[in-house]
Structure formats: C-alpha cells, structure tokens
Amino acid sequence: MVLKVFFPSCCATAESGLLIGRWIPEQNSAVVLAVVHFPFIPGQVKQYLSEVQRVTQIDMCVLGSWSNSKQEKEEVLDKFLEDLSTIFSHEPWIQLSKEGDSKFWSCCIFQKCPSSPKEDEFILVYYDQRKVMLSQLHPTDSLTTFADHKGNDASKLGAVFDTVAKSKVLFMTDRYDDGPIKLTHWQSEGVEASIIVELMKQASVPVCMLLTFLLSLVSSVCKSRVLKFWPLSFIWSKLSTCEQLGHRLEHLQIISSNRKAQNQTQLMRKANIFVSLLIDMTLGILLMSWLYRENRIGQLADTLIPVADHIAKELQDLLQWLMGVPAGLKMNRALDQVLGRFFLYHIHLWISYIHLMSPFIEMILWYVGLSACLGLTVALSILSDIIALLTFHIYCFYVYGARLYCLKIYGLSSLWRLFRGKKWNVLRQRVDSCSYDLDQLFIGTLLFTILLFLLPTTALYYLVFTLLRLLVVFVQGLIHLLVDLIDSLPLYSVILRLCRSYRLAASVKFRVLEQKPGKPLRLLMQINPLSYGSVVQTYRLTTYACYPKDSWSSLCKKLFVGELIYPWKHKEEKLD
C-alpha cells in the first residue's frame with residue numbers, strides 16, 4: 001500500500017506532538033494541517049477538533065504523532081507516542097519522526113487489521129500551507145497527480161486544496177494564545193494583522209451604507225415611470241452615455257451590497273469591478289484636469305466650428321461632383337439634380353444649425369468635461385454620442401440613399417419574378433407560380449425598364465454615403481472597443497497574477513528532494529499559476545454590446561441589398 005502524507009513545510013521544525021488533519025480514504029492520503037504540542041489533555045484535544053469540524057464541515061481528526069528529537073532518540077517518548085494510538089482511535093496511525101539534523105525522516109504506520117501483508121510505501125509531500133490556503137485551483141482536470149483520475153472528482157489534489165482552504169478557523173490559534181492547546185502552523189508566530197486594514201474595514205461600513213442608500217435612490221429614479229415616456233425612453237435607449245451610466249450603476253450596486261460573497265468567483269468579480277471603477281475614475285479625473293488646464297476647452301470649442309464648416313464644404317464639393325459627370329459616368333440628369341439639390345439643402349440646414357449653436361458650444365463642452373469625473377468610459381461614451389450628433393446629416397444621407405436603393409432592388413427582383421411567371425406568397429413565405437395577363441406584363445415591363453435605368457444613379461449616391469457612414473461607424477467602433485476593454489478587463493486578477501501568482505493556480509508540479517532506499521520519498525509541491533490569457537478569459541467581466549454583431553457574409557449581403565447597417569437600436573446584453 002502506498003501512503004501519501006501532505007506535510008506543511010512550516011511544521012518541519014515543530015516540537016513533538018500530535019498530527020491533526022484530514023484522512024482521505026479514497027486517495028489513501030493524509031493532509032496534515034497542524035501539530036499539537038505537549039503538554040495537552042486528550043479530552044480537550046477531542047473537544048477542540050469537534051468544534052473545528054462543526055465550523056469547517058471537514059472530518060478533522062488526529063492522524064498520528066510527530067517526533068522531533070534534536071538530541072539522541074528517546075525510547076520513552078517513542079513508547080508514549082505509540083500509546084497515544086489507543087486514545088485517539090484512528091486507523092491507520094501515522095508516526096513521523098525526525099532525528100537531529102538528518103535530511104531523511106522515518107515514517108511508520110500502525111494498523112490493527114493490516115489490509116495487505118506487503119510492506120507499506122510512504123510518499124512525503126511538502127507544501128506551502130499559506131500559498132495552498134490562499135490559492136484557487138482552476139482547471140482541475142489538468143492537474144498532475146500520483147495515480148489515475150477516478151471517481152467523481154476531476155482531480156485528487158482538489159480535495160487537498162479544499163481541505164486547507166476550509167481550515168482557516170484552525171489557523172486562528174497561535175502559540176501566544178492562553179488556551180490549553182498550542183498549535184504549530186503557518187501563523188504560529190502570531191496571526192497576521194494590520195491596523196490600517198482593520199481601520200479601513202471599520203470605516204467602510206458607514207461608507208457602504210451611505211453609498212447603498214444613494215444608489216438605491218438613483219436606481220429608483222432610473223426605474224421610475226417618468227423615464228418610460230417618450231422622448232425620455234427614446235433618448236435613454238439610444239445614447240451610449242445613458243447605457244454606460246446604467247452599466248456603472250449596476251457595478252456600484254454590486255460592490256456596495258452588504259451581502260457577503262458566497263464563493264471565490266463572486267469575491268474576485270467584486271474585486272475586479274472595484275479596481276475597474278477605481279482606475280476608470282482615476283483616468284477620468286486625469287483627463288478632466290488636462291482639459292481644464294491652459295483653457296483647452298476654449299481651444300477645442302474654437303476648433304470645432306471650423307472643422308464642421310470644412311466637413312460641410314467637402315460634402316458640398318462631393319455633391320457637386322456627383323451632380324456632374326462623376327468618373328466619366330453618364331447619370332440620369334433629372335434624378336441626379338433632384339437628389340443633389342435635396343442633399344445640398346440638408347447640408348445648408350446643418351451649417352445653419354451649427355452656427356446657431358456656436359455661442360453655446362464652449363459652455364456645453366465645459367459642462368460635458370465635468371462628466372469625466374464619473375470615469376474615462378463615460379467621457380468616451382459622450383464623445384461617441386457627440387460624433388453621432390455631429391455626423392447626423394451623414395446618417396440621414398445614408399438612410400435616404402439606402403432606402404431608395406433598397407426600394408429599387410426589391411422592385412426589380414419582384415418584377416423579375418413577374419417575367420418568369422412567379423410571385424412571392426406572403427402567407428407561406430415562398431415563391432409560387434402565377435399567370436399574368438397582357439396588361440400586367442406591359443406595366444411590369446415599363447416599371448422594370450424605368451427602375452433599371454435609374455438604378456446606376458441611385459446606386460452611386462448609395463455607395464458614396466455608405467462609405468461615409470462606414471467611416472463614422474469605424475471611428476465609433478474604436479471608441480466602443482476601448483470602453484468595452486476598460487469595462488471588461490479584470491485588472492485585479494491581472495495584478496494578482498503579476499504580484500502573487502500562486503493565488504491563481506492552474507496546476508501543480510512536484511520536485512524530488514531526497515530519495516533513498518528504505519526511507520520515504522520526499523517531494524516538494526509547487527504551484528503553477530494561470531497564464532495571463534487564461535486569467536483574462538476566466539475573470540472577464542460582463543459588458544454590453546453597443547451594436548449587434550454580424551458576420552462578414554451577413555454584412556456584405558446587407559450592403560448589397562441596401563439594408564441599414566448598424567442603425568440605432570436597443571443595445572443587447574452580452575455575456576462572456
């Protein structure tokens with residue numbers, strides 16, 4: 001029989017006593033958690049273990065004895081340690097002993113009814129108790145173990161990590177306590193504490209209560225019926241700023257909630273949201289301080305009007321070019337003039353609107369700059385909405401051109417079915433055969449000819465304004481990608497992986513320390529951390545998609561038939 005003993009490296013220098021921990025019969029393994037020193041009363045030890053077992057829900061027991069003889073081996077002590085097996089009835093009884101400064105330990109097992117006549121083999125595995133307790137094992141199916149994986153658990157080492165992680169109550173007792181039991185574990189020299197951390201914990205309670213009250217008030221206002229009436233509901237659903245504010249409001253409600261995290265995943269999610277909000281607001285305040293320094297708001301306002309005039313002038317020149325002979329193409333002059341003058345009139349209205357708003361632009365930008373204190377993502381969302389408002393005339397041109405082009409494409413396809421004796425069955429959603437009389441065929445031929453000869457003129461306008469619309473969508477897409485990156489990047493997990501990589505464990509590796517015939521094999525268990533890519537993929541925060549995602553084939557199909565691409569729609573929830 002091969003017996004595996006997981007022994008904490010911090011107990012290697014402990015004085016003689018009892019080994020307490022958990023016995024895992026499925027794996028034939030013993031997880032040592034602490035050493036109880038002499039002197040002790042067996043009844044008090046049993047009572048203490050029952051209390052710890054009630055709190056941790058772990059089968060805690062006395063696994064055996066530990067002997068650390070720095071001088072010559074004492075037979076009386078060994079006899080006493082063997083007699084303890086009759087008091088603490090655990091099967092099997094493990095006896096570990098370390099003689100002086102020897103590198104090799106002796107290990108033996110006592111059983112009343114041996115299951116095998118063969119000599120037992122021991123594997124002694126050292127582990128860092130603090131790192132194993134604080135670490136979280138992720139892909140347990142890829143861990144390296146001693147034997148083949150059997151049973152319901154994907155990894156046998158998951159039970160070892162779970163045992164140490166749930167034994168925090170046991171580690172709260174150190175050698176300075178006045179109790180009857182003295183323990184050796186990773187906190188034996190004194191429980192780790194920080195006055196600053198304790199003060200922050202005490203101060204965070206009223207702060208969280210005040211923040212929760214304010215957030216509940218804001219949330220009730222946002223959910224009120226006032227925002228459900230038009231046009232407030234329309235504005236709230238279309239502007240990226242409102243969506244981002246609602247998204248951050250949900251994050252604030254999560255981190256200010258007084259409910260304790262149920263597991264490590266929820267705790268990491270709260271920490272990632274808190275760090276993301278902190279860095280987002282820090283970047284926003286830095287941006288705000290840069291904007292209000294050296295009158296950059298006034299410079300931006302003075303630059304905005306000339307840029308808008310320049311864009312309008314370029315659009316007028318483009319329309320004048322389309323109304324002529326663009327690239328040597330002969331267009332339908334009547335339709336070309338109508339469309340050109342129609343779009344020129346829209347540009348004239350837009351320029352008049354911009355110049356009407358010019359006295360108030362600096363004041364608007366000054367108040368908009370203050371919103372950067374809410375976070376860089378809010379400022380970027382406002383920038384995206386400003387771009388959408390400044391290019392609203394381009395969006396209108398694109399919609400007009402796309403609707404005309406789509407109308408002609410569907411008209412030509414319908415008339416093409418007429419020539420083949422077909423028609424579209426609306427009820428059954430299919431193409432059926434149909435007989436047409438001579439008048440219907442004559443009118444259909446006239447309409448088909450008119451639409452076919454007018455198609456190149458409409459298609460040219462549609463192509464030009466579609467390219468302009470795609471340029472605006474590309475710029476807005478880059479802004480929303482940056483907002484999505486800040487919202488979803490698990491910064492706390494990445495920092496934790498950088499500073500304390502053992503907290504995010506992917507697997508373990510074993511290094512052979514000593515191996516000698518007749519002595520137990522000694523191994524050192526080390527933690528392999530998760531890769532940075534796996535950390536981002538595992539802890540990535542949920543966010544929202546500003547536009548529905550389309551495949552390239554679907555996008556090309558929409559462009560060809562004239563359907564609107566990325567119109568203003570309700571934003572959809574995206575889960576990772």
Tell me the salt bridge (Lys or Arg N to Asp or Glu O under 4.0 Å) pairs involving residues 49-59, sequence neighbours left out?
none
Any residue meeting side chain to side chain donor-acceptor pair (under 3.5 Å) with Ser553, in chain and number order, not counting sequence neighbours:
Ser551
Kindly write out the residues that satisfy salt bridge (Lys or Arg N to Asp or Glu O under 4.0 Å) with Lys168, not counting sequence neighbours, or none if the list is empty.
none
Scan residues 248-292 for pairs that pass ring-ring contact (aromatic ring centres under 6.0 Å, His included), counting only residues two or more places apart or in two chains.
His247-His251, Tyr292-Trp366
Examine the side chains of Arg269 and Tyr539 and answer whether a donor and an acceptor come within less than 3.5 Å of each other.
no
Partner residues of Ser371 under the side chain to side chain donor-acceptor pair (under 3.5 Å) criterion, sequence neighbours left out:
none
Distance (rounded to the nearest 0.5 Å) between Ser381 OG and Arg248 CZ:
9.5 Å
Any residue meeting side chain to side chain donor-acceptor pair (under 3.5 Å) with Gln44, in chain and number order, not counting sequence neighbours:
none
For Arg540, is there an ion pair with Asp487 - N to carboxylate O distance below 4.0 angstrom?
no
side-chain contact (heavy atoms from CB on, under 4.5 Å) filter on Leu478, not counting sequence neighbours, yields Phe474
With Thr265, which residues qualify under side-chain contact (heavy atoms from CB on, under 4.5 Å), at least two apart?
Gln136, Asn263
Residues at least two apart in sequence or cross-chain that pass ring pair (Phe, Tyr, Trp, His ring centres under 6.0 Å) with Tyr127, listed by chain then number, are none
Please tell me if the side chains of Val378 and Leu245 come closer than 4.5 Å, counting only heavy atoms from C-beta onward.
yes
Residues which pass side-chain contact (heavy atoms from CB on, under 4.5 Å) with Leu471, listed by chain and number, not counting sequence neighbours
none
Which class fits the ring pair Trp66 and Phe7: parallel under 30°, tilted 30 to 60°, perpendicular over 60°?
tilted
Can you tell me which residue pairs pass the side-chain hydrogen bond (donor to acceptor under 3.5 Å, both in side chains) test with a partner in residues 490-500, sequence neighbours excluded?
Asn272-Ser493
Val160 meets the side-chain contact (heavy atoms from CB on, under 4.5 Å) criterion, sequence neighbours left out, with Phe6, Val31, Leu157
